[in-house]
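Contents: one structure, followed by commentary.
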Amino acid sequence: MLEPGRPKPKPTPETKHFWDGAKQGKLLLQRCGDTGKAYFPPRPFSPYTGTRNVSVFEASGRATLHSYVIHHRPVPGFTPPYAIAVVELEEGPRLMTNIIDCPQTPEALVLDMQLEVAFTPMDDDISLPLFRPTKGA
Amino acid sequence: MSISGKAYIVGAYEHPTRKADDKSVAQLHAEVAYGALQDAGLNKDDIDGFFCTGAAPGLGPLNMADYLGLTKLKHLDSTDVGGSSYVLHVGHAAEAIALGLCDIALVTLAGRPRAEAMATGTAPRSWGLNVPDDPFEIPYGRTVANAYAMCAMRHMHEFGTTSEQLAWIKVAASHHAQWNEHAMLRKVVTVEEVVNSPMVSDPLHRLDCCVISDGGGALIITRPEIAKSLKRPFVKVKGHGEATKNQNAGYTDLTYSGARWSGPRAFEEAGVKPSDIQYASIYDSFTITVLMQLEDLGFCEKGQGGKFVADGNLISGVGKLPFNTDGGGLCNNHPANRGGMTKVIEAVRQLRGEAHPKVQVPGCTLALAHGTGGLLGTRHGSATVILERE
């Protein structure tokens, strides 16, 4: 369970599937049926072609560390210093997240390192897709 | 349609306050508006075009137009692209004037985040619950500072950029700020002092970040015939470009900014190239902002920004590209958390020959002002103007 204080996402009709999946430990992305390209965050139309020819699919949960910072100032819900990161999913899209099960130091956080998703509950309704170093990588 | 040469900046005023405990935001708008009118030698009732942003109190331009007593307005524009808005407004005002939609445009900016003790850069700021990306960013502790630092980290990784190179940007700004009596930070700093200042959002240190200040500024823009009837030096709008940088549905690239599109548009319209520019006002919310914009504007190759800014290359009288000779956001001020206005104002000062003598670029006839508004690492507006002394 995450420490309290983070702003809590409120599912909308276009994002409900994502948060429902997260609660079940599934990282759900969408794919444009016209181009075959995965995209994120959720939306009910293709950002490439504008059509509704889109589908939901489960991502592998594998990612690499694209960039991060170590924030040293107080933020509600966090004990600084904490790392906020952009990870690149195996399927292509990049998303913002936190890195857990890892010292929050430049020595431990190496760009392009292998990561895996680790869903972490905020409460009974919302789980956030956080990432941790891949075991054995 | 080209706007090149169809409008002139005839009034520019920067509020001297940096902490406005005893003034309202509306009052600051009035003080900068009247300051710019006095500079231009015009009156309130000459204004028929008004430009401001969502940072102004009220609904778009309505409440400020009412408060200022602007009764002759026939053209309004409250396009809000964060701190870059006021650079963009120069372009939009020139377009409106070129089309005959108005004759004399007023652009105002004011704010008092410092007096209000706003946690500007290091606490989460959401633009509203309906912003579609926010639920996928804010819960992870996104702040302004770390949405910029994220770019610095990747830039360092891909191009070998160093903290010391970034520090040179702050060092150059401080060399300029020492001569500005209104600047918040007038002490000249060294590279060592920057890299040894406390970490805010690693890899950005405290001295990689701009100041938080109150204040504001205003501009008056008009058509050539009116400009030439006034007594101020002729500062012509020669080119303008604007763009948005998007996240591209999950395919954001952290190593470049919207300047890669707004810059070439402005240069093409102006008919000049980066090496022709004698002075540049470059948005400096953070040191990395400057470095990436310089690359994207074409002042150096992508990835070479670190080498370009090092060793004093941005210091007036020392380097090849004097920048932010007022001290910029890093040392002088960042009114309302929006630095685009002061970027244009210092460029106007340079072209008029009215910058501080210690930082004035001799014979400055061609200048650039560039702004980035929003978050460098996610989505932002980008605006570039090229101005010429005639």
Side-chain angles (χ1 to χ4, degrees), chain A residues 2 5-12 14-15 18-19 29-30 32 37-43 46-48 65-78 80-86 88-89 91-99 104-106 109-112 122 126 128-130, chain B residues 119-126 128-159 163 197-206 208-209 246-255 286 288 375-379:
Chain A
L2 292 165
R6 293 187 190 218
K8 186 178 154 184
K10 192 175 168 190
T12 66
E14 63 177 333
T15 65
F18 178 85
W19 297 114
L29 296 178
Q30 284 167 297
C32 162
K37 201 169 172 185
Y39 66 88
F40 183 84
R43 69 203 70 178
S46 163
Y48 310 111
L65 182 59
H66 187 67
S67 194
Y68 74 95
V69 306
I70 302 172
H71 198 67
H72 286 255
R73 302 288 301 162
V75 169
F78 295 85
Y82 69 91
I84 170 167
V86 171
E88 182 172 309
L89 301 176
E91 294 78 10
R94 294 169 183 165
L95 49 85
M96 213 172 266
T97 186
N98 302 114
I99 307 300
Q104 307 287 287
T105 63
L109 295 162
V110 178
L111 262 58
D112 300 331
M122 289 184 86
I126 294 286
L128 295 181
L130 307 186
Chain B
T120 294
T122 58
R125 279 166 75 193
S126 171
L129 290 170
N130 291 324
V131 177
D133 284 352
D134 273 9
F136 301 96
E137 296 172 6
I138 296 280
Y140 306 105
R142 187 199 77 195
T143 67
V144 173
N146 54 33
Y148 283 74
M150 205 79 81
C151 295
M153 184 66 86
R154 190 72 203 179
H155 202 281
M156 290 172 162
H157 180 71
E158 290 198 13
F159 303 115
S163 289
S197 64
M199 276 295 183
V200 168
S201 189
D202 190 348
L204 296 183
H205 308 77
R206 181 185 289 166
D208 285 299
C209 306
N246 301 338
Q247 300 247 72
N248 300 320
Y251 296 86
T252 192
D253 186 325
L254 296 172
T255 61
F286 299 90
I288 184 63
L375 299 176
L376 191 66
T378 61
R379 61 205 72 75

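The shown structure was predicted, so the numbers you read here are calculated from the model rather than taken from an experiment.
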For this session: Just give me the residue among D133(B), L254(B), V200(B) that pairs up with chain A most often, heavy atom to heavy atom, under 4.5 Å.
Result: V200(B)
Exercise. Should the pair K10(A)-D134(B) be classified as a salt bridge under the 4.0 Å nitrogen-to-oxygen rule?
Worked result: no
Exercise. Which region of E91(A), side chain (C-beta onward) or backbone (N, CA, C, O), has a non-hydrogen atom less than 4.5 Å from a non-hydrogen atom of chain B, or is it both or neither?
Worked result: backbone
Problem set entry | Closest non-hydrogen atom pair between V75(A) and G141(B), with its separation | CG1-CA, 4.5 Å
Exercise. For T15(A), is it the side chain, the backbone, both or neither that has a heavy atom under 4.5 Å from a heavy atom of chain B?
Worked result: side chain
Exercise. Nearest 0.5 Å, what's the CE-NE2 distance between M199(B) and H72(A)?
Worked result: 6.0 Å
Exercise. Looking only at heavy atoms, which two atoms of M150(B) and V69(A) are closest? And how far apart?
Worked result: N-CG1, 3.2 Å
Problem set entry | H71(A)-D202(B) side chain donor-acceptor pair, cut-off 3.5 Å | no
Exercise. Of the listed residues (E88(A), K37(A), Q30(A), M122(A)), which shares the most heavy-atom pairs with chain B below a 4.5 Å separation?
Worked result: K37(A)
Seminar exercise, completed: Residues at least two apart in sequence or cross-chain that pass side chain to side chain contact (heavy atoms under 4.5 Å, CB included) with S163(B), listed by chain then number, are M156(B), V195(B), H205(B)
Problem set entry | Contact origin within L111(A) toward chain B - heavy atom pairs under 4.5 Å | both
For this session: Using the six-membered ring wherever Trp is involved, compare the ring planes of F136(B) and W19(A) and label them parallel, tilted or perpendicular (cut-offs 30° and 60°).
Result: parallel
Problem set entry | Main-chain N/O of T252(B) paired with R94(A) side-chain donor or acceptor, under 3.5 Å | yes
Problem set entry | Contacting region of R6(A) [heavy-atom separation from chain B under 4.5 Å] | side chain
For this session: Output all residues satisfying ring-ring contact (aromatic ring centres under 6.0 Å, His included) with Y68(A), sequence neighbours left out; order by chain, then residue number.
Result: none
Exercise. Using non-hydrogen atoms only, which part of A85(A) is less than 4.5 Å away from chain B: side chain, backbone, both, or neither?
Worked result: backbone
Exercise. For I99(A), is it the side chain, the backbone, both or neither that has a heavy atom under 4.5 Å from a heavy atom of chain B?
Worked result: neither
Problem set entry | From OG1 (T12(A)) to CG (N130(B)), nearest 0.5 Å | 9.0 Å
For this session: Find the one option among P9(A), S67(A), G77(A) whose heavy-atom pairs under 4.5 Å with chain B are most numerous.
Result: S67(A)
For this session: Please look at I126(A) and chain B and tell me whether the side chain, the backbone, both or neither of the residue comes under 4.5 angstrom of a heavy atom of that chain.
Result: neither
Exercise. So which of P76(A), P74(A), P47(A), A38(A) has the biggest tally of heavy-atom pairs under 4.5 Å with chain B?
Worked result: A38(A)
Seminar exercise, completed: Note: vs chain A, highest number of non-hydrogen pairs under 4.5 angstrom among H157(B), Q247(B), E137(B) is H157(B)
Exercise. Which atoms of P7(A) come close to chain B, meaning under 4.5 Å heavy atom to heavy atom: side chain ones, backbone ones, both, or neither?
Worked result: both
Problem set entry | Any donor-acceptor pair under 3.5 Å from R73(A) side chain to S201(B) backbone | no
Problem set entry | Over 12 non-hydrogen atoms of neighbours within 6.0 angstrom of CZ in R206(B) | no
Exercise. Does L95(A) reach the side chain of Y140(B), with side-chain heavy atoms less than 4.5 Å apart?
Worked result: no
For this session: Report the distance from atom CZ of R154(B) to atom NE2 of H66(A), rounding to the nearest 0.5 Å.
Result: 4.5 Å
For this session: Answer with side chain, backbone, both or neither: which region of P81(A) has an atom nearer than 4.5 Å to a non-hydrogen atom of chain B?
Result: neither
Seminar exercise, completed: CG of L109(A) to CE of M153(B), rounded to nearest 0.5 Å, is 8.0 Å
Problem set entry | Under 4.5 Å from any heavy atom of chain B - which part of P129(A) | both
Exercise. Do you know which of V86(A), L89(A), D112(A) has the most heavy-atom pairs with chain B at a distance under 4.5 angstrom?
Worked result: D112(A)
For this session: Verify the ring-centre separation between Y39(A) and Y251(B): is it less than 6.0 angstrom?
Result: no
